[in-house]
Each structure stands twice: as C-alpha cells, then as structure tokens.
Amino acid sequence: MASNGLSVAVVGATGAVGQEFLRVLSQRKFPIGQLTLLASARSAGKTATFNGRTYTIDELTETSFAGIDLALFSAGGSISKKFAPIAVEAGAMVVDNSSAFRMTDGIPLIVPEVNPQDIGDLALGRKPGIIANPNCSTIIMLVPVTPLHRAATVKRMVISTYQAASGAGAAAMAELEQQTREVLAGQQATCKIFKQQYAFNLFSHNSDMQPNGYNTEEMKMLKETHKMWHESAVRVTATCVRVPVMRAHAESINLTFQKPLTEDDARQILCKAPGVSLIDDRSNNRFPTPLDASDRDDVYVGRIRQDMSQDGNTGLDLFVCGDQIRKGAALNAVQIAELLV
Ligand SMILES: NC(=O)c1ccc[n+]([C@@H]2O[C@H](COP(=O)([O-])OP(=O)(O)OC[C@H]3O[C@@H](n4cnc5c(N)ncnc54)[C@H](OP(=O)(O)O)[C@@H]3O)[C@@H](O)[C@H]2O)c1
C-alpha cells in the first residue's frame with residue numbers, strides 16, 4: 001500500500017462505467033495514494049482527469065498489476081476472465097463489474113445493502129480475491145425489495161424493466177444520440193450497436209436469447225437473486241426491455257409475500273431502507289423517473305400499492321428507478337471496496 005493511501009487500478013477507464021468510477025472515487029474521497037488507468041491499446045496514451053490531475057491511460061497487460069492493492073474492473077467479461085486472476089495473483093483485490101464470475105462458487109456477489117457478510121474473510125493486502133458486482137437490473141431491484149423480503153418473505157417476483165442506453169456502454173449512448181438527430185432530420189437511423197432502430201422505439205433486451213425463451217439479462221435477475229438471498233425458493237420472472245432513455249433504468253416490480261404486508265407498512269420500511277428514496281405522490285401523479293435517478297446514489301421508489309389481484313395483503317406493486325452506471329455498477333463496486341478498507 002502506498003504510504004498516502006491505496007494503489008488503485010481502474011480497468012476499462014475510458015468506458016461508461018470506468019468514467020463513472022473516477023467520479024465516484026473522487027466524490028467519496030476514496031483513500032487513493034496512486035491511481036493507474038488501464039484500457040485497450042486503442043486508448044493507450046490518451047488522458048483522463050481525476051481530482052484535477054491529468055493521468056495517462058496505459059494499455060492493460062499481464063504486468064499491469066504489480067503493486068496494485070485494489071483493481072476495479074469494467075472492461076467486459078472476457079477481459080475480466082483473463083486478467084482478474086492475474087491481478088489477484090499479483091496481490092490485488094478485484095471488484096469486477098462483468099458477469100464473468102458472478103455465478104462462480106466461492107466468489108462473493110455483493111450488494112452492500114443486501115449481503116455484505118458474504119465478503120467473508122477477503123481482506124485488502126491480507127487475503128486478496130475476486131468480488132463480483134451483480135447485474136445492474138438485479139442491484140436496482142434488490143436494494144428496495146430486500147428490506148420488504150426481510151419483513152414478509154417474498155415468494156414470487158414479476159419484473160418488467162425499462163433499460164437505458166448507457167447500460168450497453170458508451171458506444172450505445174452515442175448511437176442513441178446519433179439516431180435521434182438522424183430521425184429528426186428525416187434520415188435513416190444508423191444501426192451499429194443494436195440491430196434495430198433505438199431512437200423513438202423500444203425493443204426486447206439485446207442480450208442473448210436462451211432456449212427457454214428468456215434472454216440472459218432476465219435469467220441473471222433470477223440466478224443472482226437466489227445467490228445473494230441464499231435461497232432458491234423465490235420464484236422470479238422478468239421481461240427486460242431497452243427504452244430510448246440515456247441514463248438510469250426503471251423497473252415495474254410485482255411481489256407476492258408469504259406473510260401479509262400492507263402498503264403503509266411497506267412505505268414505512270422503504271422510508272428507512274438504506275439506499276432508497278421515495279417519490280410517491282399520488283395526488284400529483286408524481287413518481288420516479290429516470291431523470292430523477294440519473295447521477296444519484298439512491299434507488300427511487302414509488303407507485304407503492306397493494307396488488308388488488310392478490311388476497312389478504314400478500315401482494316404489492318412498486319415502480320423503481322436507479323442509475324445503473326452508478327448504483328448498478330461503479331458506486332456499488334466502490335461501496336464494496338469501502339467495506340474492505
Ligand atoms: N454500462 C452499465 O451500466 C454497466 C452496468 C453494470 C455492469 N457493466 C459492465 O461493465 C463492463 C463495462 O461496461 P461499459 O458500459 O463501461 O462499456 P464501455 O463503455 O463499452 O467500455 C468498455 C471499456 O472496456 C475497455 N476495453 C475493451 N477492450 C479492452 C481490452 N482488450 N483491453 C483493455 N480494455 C478493454 C474499453 O477500452 P477502450 O476505450 O480502449 O476500447 C473501455 O474502457 C461490462 O462488462 C458491462 O457488462 C456495465
């Protein structure tokens with residue numbers, strides 16, 4: 001460890017999540033002594049600013065992790081698969097944003113508001129290892145749903161997502177912007193990242209389709225919930241959709257509980273829940289929007305109402321919005337790192 005703080009590497013520093021890492025680390029005054037910014041050969045030599053200082057971006061190589069205490073990975077699954085073990089071997093603690101290790105036995109999958117205890121005995125400097133950051137839609141769902149689960153035990157969840165362009169990275173954001181200009185100018189929309197026109201449209205999530213008819217994003221919400229809650233009894237079904245929003249995902253969540261839970265009790269629980277803010281103003285029809293959640297740490301919750309199709313106050317509906325680059329990725333990873341410092 002550098003005498004004035006930790007030696008931290010950001011892998012994928014030029015990406016949507018990587019750039020957010022720099023903002024979050026600065027805003028939270030993370031104790032950084034030395035900062036190393038890594039990306040592909042394409043970006044080597046470019047610069048980025050952190051706390052008013054200019055840093056040169058280096059190409060990620062097998063020797064990048066000498067002397068690094070903490071490596072924050074957001075460069076895609078194949079990069080994590082190859083380089084995260086190399087970083088651990090060099091003595092670094094890795095917090096990984098990709099899906100590479102999320103379902104690997106023995107690798108903790110952590111949301112600090114949900115299961116911080118699962119970090120176990122991993123410790124900076126003493127026992128390095130890999131900690132996985134869950135999928136962004138799963139994080140945004142579980143931050144408000146877990147305290148309700150603790151109170152009344154969720155039996156079943158039905159989720160519909162409305163996911164932003166930024167969830168697919170910096171190039172997808174640029175594509176949405178370009179297509180919007182093109183369509184407004186009466187031109188054909190250029191489709192490079194997504195197969196279909198994104199501006200003024202929406203479509204089923206672009207992740208791989210499985211033989212069971214679910215896409216991988218939907219399956220992650222099921223599998224990751226089971227892993228983090230340490231139980232496979234809860235039933236989860238999701239429909240994930242990309243909407244032409246630049247930043248912050250929204251989700252409609254329908255819950256079935258084992259025990260009754262009134263909407264008033266749910267509201268009280270959510271008012272006190274860490275990482276949750278309420279926007280639930282029925283009289284003004286004012287509920288969370290992606291713009292409310294953009295650039296914010298909390299997951300915003302509204303439309304809290306008893307599901308009238310379920311008997312005995314055992315059903316509840318919620319509408320939530322969360323910034324998936326921030327709480328769904330960079331912030332959650334930095335919060336994990338803070339648990340280790
Ligand atoms: N966006 C989100 O909301 C979100 C949320 C949760 C998790 N994630 C995960 O975070 C990861 C990054 O996502 P993103 O949205 O930030 O993507 P992005 O904007 O496309 O950024 C990708 C980053 O990876 C780097 N990279 C690509 N190939 C590389 C290589 N061969 N060697 C080293 N670096 C390489 C890129 O560097 P160059 O600029 O040099 O190409 C860039 O810094 C993905 O695994 C994604 O699933 C994203």
Side-chain angles (χ1 to χ4, degrees), residues 9-24 36-48 55-65 71-84 86-87 94-102 109-111 130-142 161-177 192-194 205-208 216-217 220-221 224 240 242-243 245-251 290 293-295 321-336:
V10 175
V11 182
T14 52
V17 176
Q19 289 293 300
E20 194 64 20
F21 263 133
L22 299 183
R23 296 181 65 218
V24 171
T36 302
L37 302 184
L38 301 165
S40 76
R42 293 178 291 274
S43 302
K46 288 184 186 167
T47 56
Y55 290 79
T56 302
I57 292 162
D58 294 323
E59 180 185 355
L60 171 67
T61 68
E62 297 184 11
T63 58
S64 295
F65 299 99
L72 301 167
F73 272 69
S74 67
S78 58
I79 299 294
S80 293
K81 268 199 184 113
K82 177 173 176 194
F83 287 96
I86 292 172
V94 169
V95 183
D96 181 35
N97 259 300
S98 80
S99 57
F101 301 103
R102 288 180 189 149
L109 180 68
I110 302 290
V111 176
I130 300 170
I131 299 174
N133 210 49
N135 167 266
C136 48
S137 303
T138 312
I139 296 176
I140 287 162
M141 169 178 74
L142 289 189
T161 71
Y162 311 77
Q163 297 187 218
S166 48
M173 296 165 83
E175 179 154 309
L176 176 57
E177 203 175 312
K192 283 192 193 144
I193 303 293
F194 298 116
H205 195 276
N206 50 298
S207 56
D208 292 341
T216 51
E217 183 84 356
K220 285 173 189 174
M221 297 183 83
E224 295 178 14
C240 292
R242 281 262 181 237
V243 296
V245 162
M246 200 53 87
R247 185 166 170 148
H249 290 352
E251 301 180 15
S294 291
D295 222 8
C321 291
D323 186 330
Q324 93 296 333
I325 306 188
R326 205 168 169 88
K327 181 56 186 169
L331 171 66
N332 196 71
V334 172
Q335 288 173 319
I336 291 169

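Both ligands and their constituent atoms are indexed starting at 1 by order of listing. Below, each value reflects all heavy atoms present in this structure, side chains not excepted, and no hydrogens, waters or symmetry copies.
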Test item: [X] side-chain N/O and [Y] main-chain N/O as donor-acceptor pair under 3.5 Å:
X	Y	value
Asp323	Asp295	yes
Ser294	Pro290	yes
Gln163	His205	no
Arg247	Ala164	no
Asn332	Ile110	yes
Gln324	Ala248	yes

In terms of atom number and element, which parts of ligand 1 are under 4.0 angstrom from non-hydrogen atoms of [X]?
X	answer
Ser166	1 (N), 2 (C), 3 (O)
Gly76	11 (C), 44 (C), 45 (O)
Thr14	36 (C), 37 (O), 38 (P), 39 (O), 40 (O), 42 (C), 43 (O)
Ala39	33 (C), 34 (N), 37 (O), 40 (O)
Ser98	45 (O)
Gln324	3 (O), 5 (C)
Arg42	27 (C), 28 (N), 41 (O)
Ala329	5 (C), 6 (C)

Per atom 21 (O) of ligand 1, closest listed option by heavy atom (Gly15, Ala330, Ala172): Gly15

Gap separating the CD atom of Glu251 from the OG atom of Ser137, nearest 0.5 angstrom: 5.0 Å

Mind checking whether [X] has an N or O less than 3.5 Å away from an N or O of ligand 1?
X	result
Gly18	no
Ala170	yes
Val17	yes
Ala171	no

Please list the nearest protein heavy atom to [atom] with its residue and the distance rounded to 0.1 Å.
atom	value
atom 23 (C) of ligand 1	Ser74 O, 3.7 Å
atom 29 (C) of ligand 1	Ser40 CB, 3.6 Å
atom 17 (O) of ligand 1	Gly169 CA, 3.8 Å
atom 9 (C) of ligand 1	Asn97 O, 3.6 Å

Atom 25 (C) of ligand 1 protein-contacted (non-hydrogen atom, under 4.0 angstrom):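 Given the 4.0 Å cut-off, atom 25 (C) of ligand 1 counts as touching protein heavy atoms.
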
Sub-4.0 Å protein heavy atom near atom 47 (O) of ligand 1: no

Residue pair Glu217 / Ser207, side-chain donor-acceptor N/O under 3.5 Å: no

Would you call [X]-[Y] a salt bridge at under 4.0 Å N-O?
X	Y	result
Lys82	Glu62	yes
Lys327	Glu20	no
Arg102	Asp96	no

Ligand 1-proximal atoms of Ile79, by part, heavy-atom distance under 4.0 Å: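 Contact part for Ile79 vs ligand 1: side chain (C-beta onward).
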
Under-4.0 Å heavy-atom contact with ligand 1, by part of Ala13 that carries it: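 Looking at Ala13 and ligand 1, just backbone atoms fall under 4.0 Å.
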
Glu175/Lys192 under salt bridge (Lys or Arg N to Asp or Glu O under 4.0 Å): CA gap, chis, key distance, verdict: CA-CA 8 Å; Glu175 179 154 309; Lys192 283 192 193 144; over 6 Å; no

ring-ring contact (aromatic ring centres under 6.0 Å, His included) assessment of Phe101 paired with Phe83: CA-CA 12 Å; Phe101 301 103; Phe83 287 96; over 10 Å; no

